[in-house]
Number of protein chains: 2
Amino acid sequence: MRPTVHDIAAAAGVSLATVDRVLNQRPGVRHVTREKVETAIREIGYVRDVAAANLAKGRTYSFVFIVPASDNSFMHGLNAEVMAAVARSPVERTDIRTVEVPAFDPTALAAALDTLRTERPAGVALVATDAPEVRDAVDRLVQDGIPVVTVVSDLTGSQRHHYAGVDNIAAGRTAARLLGRFLGGAKGDVAVLAGSMLVRDHRERLEGFAAVMAEEFPGLSILPVIEGRDDPDMAHMLVSDALSKRDGIIGVYSLGAGNRGLIRALKEKSVDRALTVIAHELTDHTRTALLDGTIDAILNQDAGHEVRSAIRVLKAKADGLSVIDAQERIRLDIFLKDNLP
Amino acid sequence: MRPTVHDIAAAAGVSLATVDRVLNQRPGVRHVTREKVETAIREIGYVRDVAAANLAKGRTYSFVFIVPASDNSFMHGLNAEVMAAVARSPVERTDIRTVEVPAFDPTALAAALDTLRTERPAGVALVATDAPEVRDAVDRLVQDGIPVVTVVSDLTGSQRHHYAGVDNIAAGRTAARLLGRFLGGAKGDVAVLAGSMLVRDHRERLEGFAAVMAEEFPGLSILPVIEGRDDPDMAHMLVSDALSKRDGIIGVYSLGAGNRGLIRALKEKSVDRALTVIAHELTDHTRTALLDGTIDAILNQDAGHEVRSAIRVLKAKADGLSVIDAQERIRLDIFLKDNLP
DNA sequence: CCATTTCTGATGTACGTAAATCAGATTTTT
DNA sequence: AAAAATCTGATTTACGTACATCAGAAATGG
């Protein structure tokens with residue numbers, strides 16, 4: 001049987017109340033007594049029964065998710081996953097609330113974070129916009145003792161406890177190698193469609209992509225990045241234009257969201273030429289395009305995993321427990337026609 | 001606040017004891033009363049607090065993992081993950097025990113399963129060997145009301161509640177497409193190294209691989225399968241031999257374990273020719289080979305995820321709860337040089 | 001050395017559920 | 001109509017922990 005607080009008390013030769021004071025870091029225990037108890041805890045290998053503890057506390061973890069009000073499939077998917085978590089929340093003793101902030105607006109995000117300092121939730125998850133004021137606001141929350149995790153997009157240099165998202169440099173590198181290998185030894189141009197170079201994940205993906213292209217596939221040259229602002233119509237126009245003007249294009253890497261316009265443009269041009277295309281994010285549109293051959297591979301991050309992982313980590317931090325690192329590593333999914341979920 | 005049993009009792013106009021009888025399917029409740037209580041439960045949306053229930057029951061889930069005594073990296077890894085789960089088990093109110101059975105021995109496996117019928121653990125996880133007697137033994141356990149999940153290798157036609165493993169046909173198909181695309185339009189022979197065609201996962205991988213090869217890459221022809229029994233030395237010998245005899249070989253698919261021998265053989269031959277190689281299972285050896293270019297891609301199943309998923313599912317079944325399907329889908333990892341964990 | 005402060009023990013209640021017991025109320029059987 | 005069987009209610013204890021209260025012990029200050 002698992003040791004309980006009673007066993008510690010007996011082992012340390014103190015009363016239950018003292019053990020409780022030590023365990024919950026309450027005052028009123030002499031230093032030597034405290035050490036005696038701590039030794040006993042270690043020796044008999046006591047681990048607090050979190051379920052019983054939470055029951056006694058009547059605790060519910062109140063978490064806040066801050067998500068950008070972006071109108072693209074990925075953010076919709078992320079939102080849906082947060083909502084699914086909200087639906088499950090009563091069972092898991094969590095009380096999850098979402099806060100929407102304008103996309104790519106550091107000031108608004110920082111303000112939202114500062115509001116939470118007074119609310120003191122048990123944890124905060126946010127899709128970070130990479131800016132100094134956001135970093136500072138996050139650090140203030142952390143200083144206040146509130147667990148903070150970033151989701152999808154990280155915040156380098158901040159004190160956030162955890163990042164639940166993929167390694168975007170690795171994603172870009174992987175895209176480059178896939179594209180390069182799929183193109184065999186062919187020489188030509190590669191078009192890159194991004195949302196905006198102001199967003200950290202997009203910058204990182206491009207960085208990784210360009211690095212591998214330069215190192216390993218000198219026959220392929222990257223054209224100036226097309227910024228489609230994650231907008232289908234804009235992407236359609238820009239990509240159509242590029243394909244018309246440059247017939248040296250043999251490959252496309254779409255590292256942002258809003259692939260609907262890209263796919264439309266590709267289909268229009270596909271009659272006269274064969275292109276190898278790698279895109280990010282599995283949505284209904286990209287899935288269909290992968291199956292009909294318009295896209296050759298999709299790199300994906302599973303929003304559901306990211307949300308669940310963020311919650312697990314926040315819970316663990318709130319309870320002062322450790323997490324299973326391997327379980328919380330968000331993987332880069334590579335989908336071909338054959339391994340779609 | 002979440003409704004409790006007291007709220008149901010009040011709402012249904014019955015006592016706590018009656019509610020308890022209904023909730024735990026104990027006898028002694030008239031049909032009409034039972035329905036009254038059940039209506040109240042639905043109406044106020046009561047969900048049992050599993051943590052409190054397990055605390056009251058003093059319950060610990062006793063699970064049994066049946067793993068084959070195979071001496072290869074993958075099974076060692078799987079074992080390590082089970083051991084890690086055992087180490088965490090006190091915290092999670094689980095008591096996990098492992099049973100080793102000889103590999104590929106249906107009779108021994110069936111016997112081990114039947115032994116468990118008398119023990120009545122709260123759940124059983126097994127790496128299945130695909131044979132009728134195993135299927136029957138599993139069905140007997142299920143009939144006895146014991147949750148059963150298969151791990152890594154499934155058991156078709158059985159009543160097992162869940163399979164925590166990858167879709168091996170999809171894995172084979174994915175390998176074929178990767179290999180085909182990496183080889184560009186080249187024509188030539190493809191060697192396939194398997195452990196044994198008696199193992200279901202290997203058969204399925206080959207099936208998927210052959211299907212896509214036939215459909216999409218008519219220029220590539222698959223040579224007769226080399227069965228290396230997952231043994232490094234045997235694999236080394238057979239692969240060396242094949243590479244010497246057939247210089248039309250331009251691609252290799254290793255769908256089994258024991259890649260050490262394969263890698264050695266490839267390195268010996270790599271001086272005179274370039275081969276494109278896809279292998280299964282990420283181990284120290286395959287990782288090194290991927291990084292140095294001997295292998296071009298690795299398909300992997302994460303043993304840690306499989307074990308944790310199996311435990312989660314068993315727990316949910318034991319508690320009569322539902323699982324989050326998306327979370328329990330074991331994904332096929334595709335690793336290139338750039339996205340190694 | 002007494003008064004005060006700080007520490008420790010003993011005890012009880014609570015969290016939400018499980019499970020047992022016993023008394024009383026129904027229904028069914030004889 | 002009485003006896004037996006079945007159902008229902010009330011109450012209690014327990015699970016492991018948190019937290020509060022109060023009394024008494026030990027240490028500290030003056």
Side-chain angles (χ1 to χ4, degrees), chain A residues 1-38 40-41 44-61 90-95 122 318-321, chain B residues 1-41 44-61 89-95 122 318-321:
Chain A
M1 246 355 233
R2 231 175 116 172
T4 74
V5 280
H6 295 85
D7 300 322
I8 307 176
V14 301
S15 84
L16 220 76
T18 305
V19 174
D20 181 68
R21 286 176 188 122
V22 173
L23 277 177
N24 296 293
Q25 339 210 35
R26 268 186 273 277
V29 183
R30 227 186 332 164
H31 191 68
V32 281
T33 316
R34 188 175 290 276
E35 292 212 318
K36 212 164 55 178
V37 174
E38 277 165 354
I41 290 177
I44 66 178
Y46 168 84
V47 268
R48 178 199 248 107
D49 183 328
V50 186
N54 287 339
L55 176 60
K57 278 192 231 167
R59 161 172 220 161
T60 58
Y61 306 82
V91 190
E92 295 171 2
R93 278 206 146 61
T94 50
D95 172 26
D319 286 334
L321 297 177
Chain B
M1 245 355 236
R2 234 175 112 171
T4 74
V5 280
H6 296 84
D7 300 322
I8 307 177
V14 301
S15 82
L16 220 79
T18 306
V19 174
D20 182 69
R21 285 178 188 121
V22 173
L23 278 176
N24 297 291
Q25 338 210 35
R26 267 186 274 276
V29 183
R30 228 185 330 163
H31 191 67
V32 281
T33 317
R34 186 175 292 274
E35 293 212 319
K36 212 165 54 179
V37 173
E38 277 165 353
T39 313
I41 290 176
I44 65 177
Y46 168 83
V47 268
R48 178 200 249 107
D49 184 328
V50 185
N54 286 339
L55 175 60
K57 277 192 234 171
R59 159 171 220 163
T60 57
Y61 306 82
S89 62
V91 189
E92 295 170 1
R93 277 206 146 61
T94 50
D95 171 26
D319 285 333
L321 297 178

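In what follows, every chain begins at residue 1, and chains take the letters A, B, ... in the order their sequences are listed.
Remark: P of D:dT8 and CG of B:Asn24 are 16 Å apart, rounded to the nearest angstrom. Remark: P of D:dG16 and CG of A:Asp7 are 9 Å apart, rounded to the nearest angstrom. Between A:His31 atom NE2 and C:dT8 atom C1' there is a gap of 17 Å when expressed in whole angstrom units. Atom CG of A:Asn54 is separated from atom P of D:dA18 by 9 Å (rounded to the nearest Å). Protein atom CG of A:Asp319 is 14 Å distant from nucleotide atom P of D:dT17, rounded to whole Å. Atom CD1 in B:Ile8 sits about 7 Å away from atom P in C:dT17, given to the nearest Å. Between B:Asp20 atom CG and C:dT21 atom P there is a gap of 14 Å when expressed in whole angstrom units. Going from atom CG of B:Leu16 over to atom P of D:dT11 covers 11 Å, rounded to whole Å.
Of the charged side-chain nitrogens involved, none lies within less than 4.0 Å of a carboxylate oxygen, so that B:Arg2 and A:Asp95 do not count as a salt-bridged pair. Using a 4.0 Å cut-off between charged nitrogen and carboxylate oxygen, A:Asp49 and B:Arg93 count as a salt-bridge pair.
In this model, the phosphate group of D:dG9 is approached by a side-chain N or O of B:Thr18 to a distance below 4.0 Å at OP1 or OP2. Phosphate proximity of D:dT8 to B:Arg21: absent, as no side-chain N or O sits under 4.0 Å from OP1 or OP2. For the pair B:Thr4 and C:dG16, the criterion of a side-chain N or O lying under 4.0 Å from OP1 or OP2 is not met.
Toward the 5' end of DNA chain D, the nearer of the two residues B:Ala52 and B:Arg30, judged by each one's closest nucleotide, is B:Arg30. With the nearest nucleotide of DNA chain D identified for both B:Arg93 and B:Val29, B:Val29 has the one nearer the 5' end.
For the atom pair CD1 (B:Ile41) and CG (B:Asp7), the distance works out to 11.5 Å, reported to the nearest 0.5 Å. In this structure, the separation between OG1 on A:Thr18 and CZ on A:Arg26 is 11.5 Å, given to the nearest 0.5 Å.
Both cation-pi conditions hold for A:Arg59 and A:Tyr61: the charged atom is under 6.0 angstrom from the six-membered ring centre and inside a 45 degree cone around its axis.
Considering only side-chain atoms of B:Ala56, the nucleotide from C:dA19, C:dA10, D:dC15 that sits closest is D:dC15. When distances are taken from the side chain of B:Lys57 to each of D:dG9, D:dG16, C:dA18, the shortest belongs to C:dA18. For A:Ala17, counting side-chain heavy atoms from C-beta on, the closest listed nucleotide (C:dA10, C:dG16, D:dC19) is C:dA10. In this structure, of D:dA10, D:dC19, D:dG16, it is D:dG16 that holds the atom nearest to the side chain of A:Leu55.
Here A:Val50 lies out of heavy-atom contact (under 4.0 Å) with every strand. Among the protein residues, A:Arg48 comes within range of the sugar-phosphate backbone only, with heavy atoms under 4.0 Å from sugar or phosphate atoms but none that close to a base. Within the nucleic acid shown, B:Gly28 comes within 4.0 Å of at least one base atom, counting heavy atoms only.
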